[in-house]
Amino acid sequence: MKNFEELFAELSQKAQERPEGSGTVKELDAGIHTIGKKLLEEAGEVWIAAEYESDEQVALEASQLLYHLQVMLIARDLTLDDVYRYL
C-alpha cells in the first residue's frame, strides 16, 4: 500500500526512467487526450460504484481515478504542490 505522495513519486520516476513495459509510460506516450478519456472513464466508474456497488468497489475505482489523475499531472509537468496551493 502507498499513499498519494508515494504514488506520485513512483509515477514521476517511471516517467523519467521510462522502464520497458510500463503502463504509465505507455499512457504518457499516448498523450493528454488519451489520458483525459481515461480520467473521464474512471470518474464515471467511481460514480456508478458509489451509486450501486460496495464500499470496496468505490475505493478500487477511486484509486484508479487518482492514478490516472496523477499521470495527467505528470504529463503536464505539474507537481503535487501545484495542486495543493489551490486546496
Side-chain angles (χ1 to χ4, degrees):
M1 183 166 64
K2 58 193 91 166
N3 65 32
F4 197 75
E5 286 79 10
E6 291 168 342
L7 176 62
F8 193 83
E10 177 184 315
L11 298 179
S12 295
Q13 184 175 6
K14 285 182 179 179
Q16 289 181 338
E17 296 177 357
R18 305 187 56 80
E20 192 169 323
S22 166
T24 301
V25 171
K26 182 178 177 183
E27 188 163 324
L28 287 167
D29 289 347
I32 296 294
H33 185 83
T34 298
I35 299 168
K37 287 171 53 179
K38 195 66 183 168
L39 268 173
L40 289 176
E41 174 190 327
E42 295 299 339
E45 289 176 2
V46 169
W47 175 23
I48 291 168
E51 290 266 5
Y52 303 109
E53 298 180 22
S54 68
D55 289 348
E56 183 179 4
Q57 190 64 31
V58 174
L60 172 66
E61 298 297 347
S63 73
Q64 293 172 359
L65 177 61
L66 293 174
Y67 165 82
H68 293 290
L69 176 60
Q70 289 197 356
V71 172
M72 178 67 87
L73 293 174
I74 292 166
R76 289 297 313 259
D77 291 325
L78 294 169
T79 67
L80 292 180
D81 286 337
D82 292 323
V83 175
Y84 290 162
R85 70 180 154 166
Y86 293 103
L87 296 178

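For the single chain, residues carry numbers from 1 onward in sequence order.
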Linking I/L/V/M/F/W/Y whenever their side-chain heavy atoms sit closer than 4.5 Å, directly or via other members, would [X] and [Y] fall into one cluster?
{"X": "Val25", "Y": "Ile35", "value": "no"}
{"X": "Met72", "Y": "Leu87", "value": "yes"}
{"X": "Leu66", "Y": "Trp47", "value": "no"}
{"X": "Ile48", "Y": "Leu65", "value": "no"}

Q) Excluding sequence neighbours, so at least two apart, what forms salt bridge (charged side-chain N to carboxylate O under 4.0 Å, His left out) with Glu45? A)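 So Glu45 forms no salt bridge (charged side-chain N to carboxylate O under 4.0 Å, His left out) with any residue.
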**Q.** Exercise: identify the closest heavy-atom pair between Ile32 and Ala75
**A.**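 Residues Ile32 and Ala75, closest heavy atoms: CD1-CB, 3.6 Å.
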Q. Which heavy atom in Thr34 sits nearest to a heavy atom in Ala30, and how many Å separate them?
A. OG1-O, 3.5 Å
Q. Should we count CG of Asp55 as having more than 12 external heavy atoms under 6.0 Å?
A.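 Open.
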Q) Taking atom CD of Glu56 as the centre, does the number of heavy atoms from other residues, nucleotides or ligands within less than 6.0 Å exceed 12? A) no
Quick check for you: to the nearest 0.5 Å, what is the distance between [X] atom [atom1] and [Y] atom [atom2]?
{"X": "Arg18", "Y": "Glu20", "atom1": "CZ", "atom2": "CD", "value": "11.5 Å"}
{"X": "Ser22", "Y": "Gln13", "atom1": "OG", "atom2": "CD", "value": "11.0 Å"}
{"X": "Tyr67", "Y": "Phe8", "atom1": "OH", "atom2": "CZ", "value": "12.5 Å"}
{"X": "Gln64", "Y": "His68", "atom1": "CD", "atom2": "NE2", "value": "6.0 Å"}

Is the closest side-chain heavy-atom distance between [X] and [Y] below 4.5 Å?
{"X": "Tyr84", "Y": "Thr79", "result": "no"}
{"X": "Ile74", "Y": "Leu28", "result": "yes"}
{"X": "Leu73", "Y": "Leu80", "result": "yes"}

**Q.** Presence of salt bridge, Lys37 and Glu41, under 4.0 angstrom
**A.** no
Q: Sort and list the pairs that fulfil salt bridge (Lys or Arg N to Asp or Glu O under 4.0 Å) and have at least one residue in residues 5-15, not counting sequence neighbours.
A: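 Salt bridge (Lys or Arg N to Asp or Glu O under 4.0 Å) check on residues 5-15 returns Lys2-Glu10, Glu10-Lys14.
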Q: May I ask you to decide if Phe4's main-chain N or O and Gln70's side chain share a donor-acceptor pair within less than 3.5 Å?
A: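 Pair found, side chain donor or acceptor close to backbone of Phe4.
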(Q) Taking transitive links into account, so neighbours of neighbours count too, which hydrophobic residues share a cluster with Val58 at under 4.5 Å side-chain distance? (A)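 Members alongside Val58: none; it stands by itself.
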